[in-house]
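These numbers come from the heavy atoms of this one structure, side chains and all, not from hydrogens, waters or symmetry mates. Position 1 is the first residue of the sequence; numbering continues from there.
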Amino acid sequence: MSKKLISFRDKQRRRRQSRQQHSKNSRRPHEWDDLVLYWRRMLRNPLQLSGRQVWTERMLWSNALGAGILRAIALVIFDGFHFLLILTAVINTLFLAFLFYYGMTWVVDWVIGRASNSRQHYAVTDLRTEMIVLSGLIVFYVLTATLIGLPGMAISFVALVGGVLRAVHHVYRVSWGQVILSTGAGILSMLAVLYILGALSAL
């Protein structure tokens, strides 16, 4: 009995199908997948805490980048296209997110560690997770500041302070006096850094 000849086209077809199957199985999630997941959760429950859900740093940086792009679009609409101004707006928004996520949380944790007798280990990691949940306020800040101006900035600042106070109390379980002290120190340190950098750039 003669063996059936293997067609070269059949071989190519099988190889193509196996590659497609492999690419489907090994597909990495896109960076915007986390952002979509974040806003699905937040639109369902805007006042939620982190809970047992998974929150990734990519959500924070995606929100910061999205806020920077929105700010850049607003600058183009109201002030015209200036490349350096647009680039500065995006970088400033990312730096604001950096201070919010790393700088402010470090100061809060440090102040509570000095004021409290029993310090919780790794609580700063839990606090940073709560800051990821609050990172949508960066987008809210840009939108309200662009559409409403100073009143919008005031509204978003009050929402930010309220959210951070709630998160700090939830994570550390200390008295409200310690929560207000540590949160105030964290926010003031963040504003001080922004003020100093703004003054230096104006020179």
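- Taking every heavy atom of both residues into account, Trp61 and Leu94 meet most closely at CZ3-O, 3.7 Å.
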Dump the intermediate steps for side-chain contact (heavy atoms from CB on, under 4.5 Å) on Trp110 and Val124, then the final yes or no.
-> CA-CA 9 Å; Trp110 184 83; Val124 69; over 6 Å; no
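- Leu96 and Val161 fall within the same hydrophobic cluster, defined by Ile, Leu, Val, Met, Phe, Trp and Tyr side-chain heavy atoms under 4.5 Å apart, directly or through other members.
- For the atom pair Thr88 OG1 and Phe83 CZ, the distance stands at 9.0 Å (nearest 0.5 Å).
- In terms of modelled atom types and a separation under 3.5 Å, the side chain of Glu130 and the main chain of Ser50 share a donor-acceptor contact.
- The minimum heavy-atom distance between Ile138 and Ala97, with the atom names listed, is CD1-CB, 3.9 Å.
- Atom CD of residue Gln178 and atom NE2 of residue His169 lie 10.0 Å apart, to the nearest 0.5 angstrom.
- With contacts defined as side-chain heavy-atom distances shorter than 4.5 Å, the pair Thr146/Leu70 does not qualify.
- At least one donor-acceptor pair under 3.5 Å links the side chain of Arg166 to the backbone N or O of Leu47.
- Of the inter-residue distances, the one linking Ser135 atom OG with Leu160 atom CG reads 11.0 Å to the nearest 0.5 angstrom.
- Side-chain contact between Met59 and Leu37 is present, with at least one heavy-atom pair separated by less than 4.5 Å.
- Phe81 and Leu85 fall into different hydrophobic clusters, where Ile, Leu, Val, Met, Phe, Trp and Tyr side chains are chained together by heavy-atom contacts under 4.5 Å.
- Counting heavy-atom neighbours within 6.0 Å of Arg128 CZ, excluding the residue itself, gives a total above 12.
- Using a 4.5 Å cut-off on side-chain heavy atoms (C-beta onward), Ser182 and Val168 make contact.
- Residues Tyr141 and Ser156 come closest through the heavy atom pair CD1-OG, 3.1 Å.
- Shown are Val171, Val174, Val164; of these, the side chain to side chain contact (heavy atoms under 4.5 Å, CB included) with Val179 is made only by Val174.
- Note: Leu134 CG to Thr129 OG1 = 11.0 Å, rounded to the nearest 0.5 Å.
- Side-chain polar atoms of Gln48 and Arg41 form no donor-acceptor pair below 3.5 angstrom.
- Within a 6.0 Å sphere centred on OH of Tyr38, heavy atoms belonging to other residues, nucleotides or ligands number more than 12.
- Looking at every heavy atom in both residues, Leu137 comes nearest to Ala159 through CD1-O, 3.9 Å.
- In this structure, CH2 on Trp106 lies 13.5 Å from CG on Leu127, to the nearest 0.5 angstrom.
- Val90 and Leu75 fall into different hydrophobic clusters, where Ile, Leu, Val, Met, Phe, Trp and Tyr residues are linked whenever their side-chain heavy atoms come under 4.5 Å apart, directly or through other members.
- Atom CZ in Arg58 sits 11.0 Å away from atom CG in Leu35 (nearest 0.5 Å).
- Note on Val193 and Ile187: same hydrophobic cluster, where clusters join Ile, Leu, Val, Met, Phe, Trp and Tyr whose side-chain heavy atoms are under 4.5 Å apart, directly or indirectly.
- In plain terms, the two heavy atoms of Gly186 and Val108 that are nearest each other are CA-CG2, 4.2 Å.
- There is a side-chain donor-acceptor pair under 3.5 Å between Asp109 and Tyr172.
- Scanning all heavy atoms of the two residues, the minimum distance from Asn63 to Gly136 falls at ND2-N, 3.8 Å.
- Between Phe98 and the choices Tyr101, Tyr102, Phe100, the ring pair (Phe, Tyr, Trp, His ring centres under 6.0 Å) rule is met once, by Tyr102.
- Cluster membership check: Ile180 shares its hydrophobic cluster with Met190, using side-chain heavy-atom separations under 4.5 Å among Ile, Leu, Val, Met, Phe, Trp and Tyr.
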